[in-house]
Protein chains: 2
Amino acid sequence: MADVNFVPRPVVAPAAARVGPADSAAPLPDLDFELIELMFFAYRDFVAEPDQTLAAIGFGRAHHRVLHFVNRQPGLRVTDLLETLRITKQSLGRVLKQLIDDGYVEQTPGAVDRRERLLAPTEKGRRLALDLAGRQHARLEAALADLPAEGRDHVRGFLSRMIDPAPRAGLVALDPAEES
Amino acid sequence: MADVNFVPRPVVAPAAARVGPADSAAPLPDLDFELIELMFFAYRDFVAEPDQTLAAIGFGRAHHRVLHFVNRQPGLRVTDLLETLRITKQSLGRVLKQLIDDGYVEQTPGAVDRRERLLAPTEKGRRLALDLAGRQHARLEAALADLPAEGRDHVRGFLSRMIDPAPRAGLVALDPAEES
DNA sequence: CCAGATAAGTCAATATGGCTGACGTAAATT
DNA sequence: AATTTACGTCAGCCATATTGACTTATCTGG
């Protein structure tokens with residue numbers, strides 16, 4: 001067990017067999033390199049399919065992320081999106097403009113605060129977002145299919161705990177020296 | 001259950017509460033958006049820490065990947081690395097050159113095939129690779145800590161099955177029409 | 001032994017998606 | 001009335017990826 005389905009790399013040959021003296025016998029620390037690599041390969045293949053679909057219509061991964069969250073939370077503000085994605089206004093501006101110009105996302109002024117531009121997917125945008133999400137969902141489902149019921153919760157819990165807690169917006173300003 | 005530790009987004013307000021008419025009641029297909037987002041946030045935070053360390057010495061994520069696999073399989077060839085990372089020779093070239101120039105990676109001509117340049121980390125390279133891997137390992141361990149013994153296997157199996165099978169190098173040339 | 005394949009490196013151009021810094025404008029808040 | 005906030009935009013920089021073309025050294029099969 002432990003390397004259940006591990007196929008990613010070419011694994012051409014033991015590699016170390018090609019070097020002569022490089023067998024430096026330094027006791028490698030007990031790190032789970034394999035799990036680290038699983039994260040890398042899993043994420044890479046997780047986004048590969050959407051990437052292809054997007055490339056065909058002149059979009060990239062950045063457009064996907066924006067469209068995804070706009071579709072998930074219609075009516076969200078630009079600022080919300082910036083915080084969610086943790087990118088700058090300028091970076092967002094570029095891709096958002098394209099999404100709007102190409103008719104995937106709509107902007108409407110906020111009803112209560114008219115400075116806000118609330119974002120929502122158009123029907124076209126919703127279709128694309130759901131198409132992309134559908135592929136990713138299918139892949140996730142396939143990977144979860146063999147697991148027992150608790151397995152799904154384990155995976156979900158694991159991923160949740162890999163996430164840094166959201167930076168508490170207001171409360172950070174306190175200088176530790178000020179504590180006295 | 002199901003949203004065990006889900007904290008990522010700012011979640012400023014229900015969002016839909018700000019739009020008036022946008023409640024288009026279209027029956028959203030039954031996709032696990034939350035899990036899709038967990039993948040996104042988990043991976044983002046998984047690489048964030050290494051990214052910071054690397055930025056301090058003028059390296060980026062690309063250097064991390066190269067150094068990681070060189071450290072993992074000392075003596076591997078440039079070609080192996082290209083296949084593992086699925087990038088082009090030119091992309092690799094730039095990054096690899098920097099790693100060599102800065103003394104993190106060494107090249108030695110293959111003993112049997114002298115065209116090959118076998119890659120191995122220097123002591124300095126090994127230290128950096130292990131430092132980065134150590135942080136990622138710690139984060140993974142923390143996320144796995146709460147799980148029961150089988151939980152770890154579930155996570156591992158899930159990630160493994162998220163990976164596309166390696167393209168069988170030689171066997172692809174067969175045109176289906178040629179089958180007859 | 002030589003022709004051709006292979007391993008690696010390199011030059012040049014291009015695209016994407018991040019970033020900083022500096023401004024501008026409209027609307028809300030104090 | 002002054003300030004802050006939400007958003008947009010111009011300009012430039014950097015990292016990382018791409019394609020295409022070419023060179024050099026070396027290995028391998030006929």
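Below, read A as the first sequence line, B as the second, and so on, with proteins coming before strands; counting in each chain starts at 1.
- Comparing A/Ile100 and B/His63 by the nucleotide of DNA chain D whose heavy atom lies nearest to each, the residue mapping closer to the 5' end is A/Ile100.
- The CG atom of B/Leu67 sits 13 Å away from the P atom of D/dT16 (whole-angstrom rounding).
- Atom pair B/Leu54:CG and D/dC14:P shows a separation of 19 Å (rounding to whole Å applied).
- Taking atom CG of B/Leu82 as the reference point, atom C1' of C/dT10 lies 14 Å away to the nearest angstrom.
- By the side-chain contact (heavy atoms from CB on, under 4.5 Å) test, A/Arg94 pairs with no residue at all, sequence neighbours left out.
- Salt bridge absent: A/Arg156 and A/Asp153 never bring a charged side-chain N and a carboxylate O closer than 4.0 Å.
- The distance between atom CG of B/Leu96 and atom C1' of C/dA8, rounded to the nearest whole Å, is 10 Å.
- Every residue two or more places apart in sequence or in another chain was checked for a salt bridge (charged side-chain N to carboxylate O under 4.0 Å, His left out) with A/Arg127, and none qualifies.
- Every residue was checked against the ring pair (Phe, Tyr, Trp, His ring centres under 6.0 Å) condition with A/Phe158, not counting sequence neighbours, and none meets it.
- Whole-Å rounding puts the A/Ile87 CD1 to D/dC7 P distance at 14 Å.
- Here B/Lys89 pairs with B/Leu82 under the side-chain contact (heavy atoms from CB on, under 4.5 Å) rule; sequence neighbours left out.
- Going from atom CG of B/Leu81 over to atom P of C/dA7 covers 14 Å, rounded to whole Å.
- For B/Ser91 and D/dT18, the shortest distance from a side-chain N or O to OP1 or OP2 is below 4.0 Å.
- If you take NE2 of A/His64 and C1' of C/dG17, they are 16 Å apart, rounded to a whole angstrom.
- Using a 30° and 60° split on the angle between ring planes, B/Phe59 and B/His63 fall in the parallel class, below 30°.
- Nucleic acid contact class of B/Gly93 (heavy atoms, under 4.0 Å, all strands): none.
- Here B/Arg44 pairs with A/Arg86, B/Phe40, B/Phe41 under the side-chain contact (heavy atoms from CB on, under 4.5 Å) rule; sequence neighbours left out.
- One interatomic measurement links the two molecules: CG of B/Leu118 to C1' of D/dA25, which rounds to 15 Å at whole-angstrom precision.
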Interface polar pairs with nucleotides 24-30 of chain C, N/O, under 3.5 angstrom:
from	atom 1	to	atom 2	distance (Å)
C/dA28	OP1	A/Arg114	N	3.0

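- Closest to the side chain of B/Gln107, from the set C/dA8, D/dC7, C/dG17, is C/dA8.
- Within the structure, a side-chain polar atom (N or O) of A/Thr88 is placed less than 4.0 Å from OP1 or OP2 of C/dC19.
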With 3.5 Å as the limit, what N/O pairs link the protein to nucleotides 10-12 of chain D?
none

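- Residues passing the side-chain contact (heavy atoms from CB on, under 4.5 Å) test with A/Glu141, sequence neighbours excluded: A/His137, A/Leu144, A/Arg152.
- Annotation: salt bridge (charged side-chain N to carboxylate O under 4.0 Å, His left out) contacts of B/Glu49 (sequence neighbours excluded): B/Arg135, B/Arg139.
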